[in-house]
Amino acid sequence: MTAADPTKTYVAKDLAHNSPLIACRFDPKGRFVFATAEDQSIQRWDLESGTKTPLVAHDSWVHALAGSPDGQTLLSGGCDGRLIWWPTASEKPAPIRTLDVHRGWVRDVVISRDGTMAASCGNDLMVRLWSLADGQLIQELPGHGKQVYRIAFDPTGRYLVSADLQGVVVQWEIATRKEARRLDAAKLYSYNAGQEVDYGGVRDLSFSADGAYLACSGLIEASNPLGAVSNPAIVLFDWATGKEKLLQRPKEDIKGVGWGVRFHPAGFEVAVSGGTSGGFFWFFKTEQVNEFFKFALPNTGRDMDLHPDGIRLAAAHHDGHLRIYAMAPKPAG
Amino acid sequence: MAAGVGLSAGFGQFVRPAAAEQLAKEQKQILVIWLAGGASQLETWDPKPKTETGGPFRAIETSVPGIQICELLPRTALQMHRLALVRGINTNENDHGKGHYLMHTGRPQAPGVQYPHLGSLAAKFLANGSEPLPGYIHITPGGGGLGGSEAAFLGPKYGALYLGNGQPPGNTARDGATSEAADVARHDLRRHVNDRFANRRRTAETEAYTTTYEQALQLMKRREVFDVTKEPVRDQERYGSHNFGRHCLLARRLLEAGATFVQVSHSNYDTHNENFAFHLEQLGEFDQGFATLIDDLAQRGRLERTLVIVMSEFGRTPQINSLYGRDHWGTAWSVAMAGCGLKAGTVVGKTNPKGTEVIDRQVGGGHLFHTYLKAVGLDPMNDFQVDGRSIRIADPAATPITELLA
């Protein structure tokens with residue numbers, strides 16, 4: 001694998017759609033990239049040919065996408081409360097299975113590293129485990145007091161973490177299906193008494209490859225939630241102790257939300273922010289509060305993913321473009 | 001003409017003779033639910049699912065076949081047969097202050113002129129003077145208030161009493177160091193001195209001071225009317241544990257105690273950022289408190305005499321911005337009403353498929369104001385006499401929405 005060089009990041013491919021995009025994911029085999037849009041569709045692009053294929057079945061926006069490790073199945077979770085199983089590479093993708101899984105929005109869906117289990121979370125405060133093979137409910141995991149925004153399996157496959165609007169991060173043991181402990185990312189949450197609104201929460205989660213760290217992205221200093229006055233930030237946890245190691249944030253006063261974060265296999269973090277200051281990729285080392293590099297995006301960012309090659313990044317943009325970025329020197333010509 | 005200047009307006013022929021007779025038999029009441037900041041019509045009364053402006057929420061059926069509202073209002077949907085929707089509002093006003101003024105007075109704001117709020121009109125013309133409570137009560141999440149200017153030329157005694165966070169008015173408990181006898185004596189002295197002064201220098205302000213003192217004494221005797229914990233626990237649970245639920249229950253309690261006009265403000269809907277997440281949160285509270293209150297008013301036989309209005313400064317843009325927000329939009333939005341003989345289960349007005357403009361029965365703030373007054377039996381076409389001038393009570397350029405009136 002070629003070493004990534006964040007400081008050389010450039011736009012490698014521009015994939016256009018005619019509706020603002022919401023979320024994006026690479027297929028774990030690296031052949032496709034998927035994005036969801038405000039027109040309620042999911043779009044699939046073949047990364048080699050650029051061919052665009054729609055996946056249409058949800059009755060609302062889709063915030064959640066996850067691909068199975070074998071590259072066969074894509075799961076999508078919608079604001080219609082449904083989880084849909086799709087054939088990842090089919091020429092004309094049609095739903096394999098559709099389940100009503102949450103009351104209200106499905107906020108996130110993930111698939112375990114062994115490909116046997118899926119987990120979903122939603123606005124109904126619930127986390128649920130599903131059999132990927134047949135869609136059977138395995139377990140319901142209640143415990144959050146606010147909407148559950150994000151979930152992630154840890155690198156060992158022993159644990160699932162779920163994180164909510166108030167920055168409560170719950171670690172669940174898969175074998176016992178019991179709560180193991182709680183981590184506190186409440187710095188990413190605030191209640192604004194003047195506007196009478198809750199705001200913030202954990203907008204994305206990512207474990208480092210070695211399992212040493214858990215990064216939670218979101219926002220801080222929300223002085224005017226309704227007016228989008230906040231700063232992107234990451235609460236970085238030492239996973240062994242469950243204690244916060246760092247609150248990471250941009251050096252400058254950049255307004256926005258940390259919508260996505262990914263740990264690169266080389267050990268640094270990449271985060272995407274979007275907001276009134278525009279869109280950025282932020283690159284952090286786990287020992288430093290501020291970024292070691294930032295990259296201004298052509299349009300505000302709403303979600304991101306890291307390709308299995310460790311070089312390419314995808315960002316979903318409000319202007320309807322899914323851009324593929326490469327963390328490598330731009331080829332000549 | 002400035003607020004509070006000149007004499008209190010003359011009643012004149014404001015109340016139609018037939019209506020006056022009816023009013024004498026049965027007092028009309030008004031309840032306004034004010035969704036501060038500008039609630040989105042697309043996430044409430046006029047959803048446009050599966051369009052580029054529709055957002056993530058779906059439309060749901062209601063208790064009236066053929067009328068759908070946003071899925072964020074499931075309890076309210078069950079009350080649709082008691083509601084009337086106006087979906088064709090174009091106030092052409094995107095400023096918070098001006099929108100607030102327009103929706104409270106039925107007229108566009110203009111320099112040097114101030115008209116009374118609906119609550120002040122109700123306090124003057126619907127209250128018969130024997131009510132123990134102030135005529136215009138406003139329950140707010142925090143505090144606030146316009147310092148009596150709501151009443152404009154009607155005079156400050158028709159201004160609003162603000163109940164910040166639903167708390168009773170301050171200093172309404174007698175100081176423990178003062179005996180009841182001493183209290184009576186000092187009030188007798190105050191009245192004596194006040195009467196002497198008023199005989200020679202009576203003004204709207206001195207009248208307001210007198211009224212305020214007497215109302216305060218009444219309130220001290222009936223302080224419990226502001227205490228929702230006196231309501232059954234089951235009712236407190238039905239309305240919800242959030243502030244808006246408690247405030248709706250307080251509104252029911254005040255209306256049942258004879259309040260003429262109660263406004264409940266719910267904050268905040270000014271969602272330039274993450275409109276959908278914030279409306280999900282706010283409307284969850286609204287739906288529970290409002291639907292429960294409508295059901296209770298109907299079940300207890302009070303809806304026939306209580307005009308209910310749900311309104312904001314304006315609506316929100318059909319266009320969704322890059323922050324998942326919606327901005328100010330007075331061009332095509334909605335208001336919900338109920339009670340006082342309005343035709344229930346009715347929708348008047350229509351917007352185009354994306355909600356960007358009104359395509360049928362366009363109305364403005366003036367039309368709404370005329371409709372409110374008509375519904376409670378007041379004639380909006382009569383005049384005030386202020387400093388020798390005749391002023392039409394409602395905007396002469398507008399007319400009532402007759403399709404809503406029985």
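The analysis underlying the following values was restricted to heavy atoms, covering all of them including side chains, and did not include hydrogens, waters or symmetry mates. Per chain, numbering begins at 1; letters A, B, ... match sequence-line order.
Residue A:His317 does not touch chain B at all, counting heavy-atom pairs closer than 4.5 Å. Heavy-atom distances place no part of A:Ser19 under 4.5 Å from chain B, backbone and side chain included. Of the atoms belonging to A:Ile22, heavy atoms from both backbone and side chain fall under 4.5 Å from chain B. Contacts of B:Ile320 with chain A are made by both backbone and side-chain atoms, with heavy-atom separations under 4.5 Å. At a 4.5 Å heavy-atom cutoff, the contact between B:Asn321 and chain A is made by backbone atoms alone.
In terms of non-hydrogen atom pairs under 4.5 Å with chain A, the most contact-rich of B:Ser267, B:Gly325, B:Ala277, B:Ala36 is B:Ser267. Ranked by heavy-atom pairs under 4.5 Å with chain B, the list A:Pro225, A:Gly275, A:Cys79 is led by A:Pro225. Put simply, of B:Glu52, B:Gln282, B:Glu71, the one with the most heavy-atom pairs under 4.5 Å next to chain A is B:Gln282. Chain B forms more heavy-atom pairs under 4.5 Å with one residue of A:Val62, A:Asn192, A:Val197, A:Leu165 than with any other, namely A:Val197.
To the nearest 0.5 Å, the span separating CD on B:Glu285 from CD on A:Glu196 amounts to 7.5 Å. To the nearest 0.5 Å, atom NE2 of residue A:His318 and atom OH of residue B:Tyr324 are 8.5 Å apart. Interatomic distance, CG of B:Leu280 versus CD of A:Gln147, reported as 5.5 Å (0.5 Å rounding). Between atom CG of residue A:Asn224 and atom CG of residue B:Asn273 there is a gap of 8.5 Å, rounded to the nearest 0.5 Å. Distance check, rounded to the nearest 0.5 Å: CG of A:Leu226 to CG of B:Asn275 gives 10.0 Å. The line from CG of A:Asp319 to OG of B:Ser322 is 10.0 Å long, rounded to the nearest 0.5 Å.
Taking the six-membered ring for Trp and the full ring otherwise, the centers of A:Trp105 and B:Phe276 sit at least 6.0 Å from each other. Ring centroid separation for the pair A:Trp61 and B:Phe57 does not come in under the 6.0 Å cut-off.
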Between A:Val257 and B:Glu274, does the side chain to side chain contact (heavy atoms under 4.5 Å, CB included) criterion hold? Intermediate values first, please. CA-CA 11 Å; A:Val257 177; B:Glu274 299 202 39; 4.2 Å; yes

Show the numbers, then the answer: is there a side chain to side chain contact (heavy atoms under 4.5 Å, CB included) between A:Asp198 and B:Glu281? CA-CA 8 Å; A:Asp198 294 292; B:Glu281 181 176 9; 2.4 Å; yes

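The neighbour count for B:Lys98 NZ, taken as heavy atoms of other residues, nucleotides or ligands under 6.0 Å away, does not exceed 12. Residue A:Arg103 places its CZ atom among 12 or fewer non-hydrogen atoms of other residues, nucleotides or ligands, all under 6.0 Å distant.
Residues A:Ala228 and B:Leu323 come closest through the heavy atom pair CB-CD1, 3.7 Å.
Look at B:Lys50 and A:Asp59 and you find a salt bridge, because one of the NZ, NE, NH1 or NH2 atoms lies within 4.0 Å of a carboxylate O, short of that distance.
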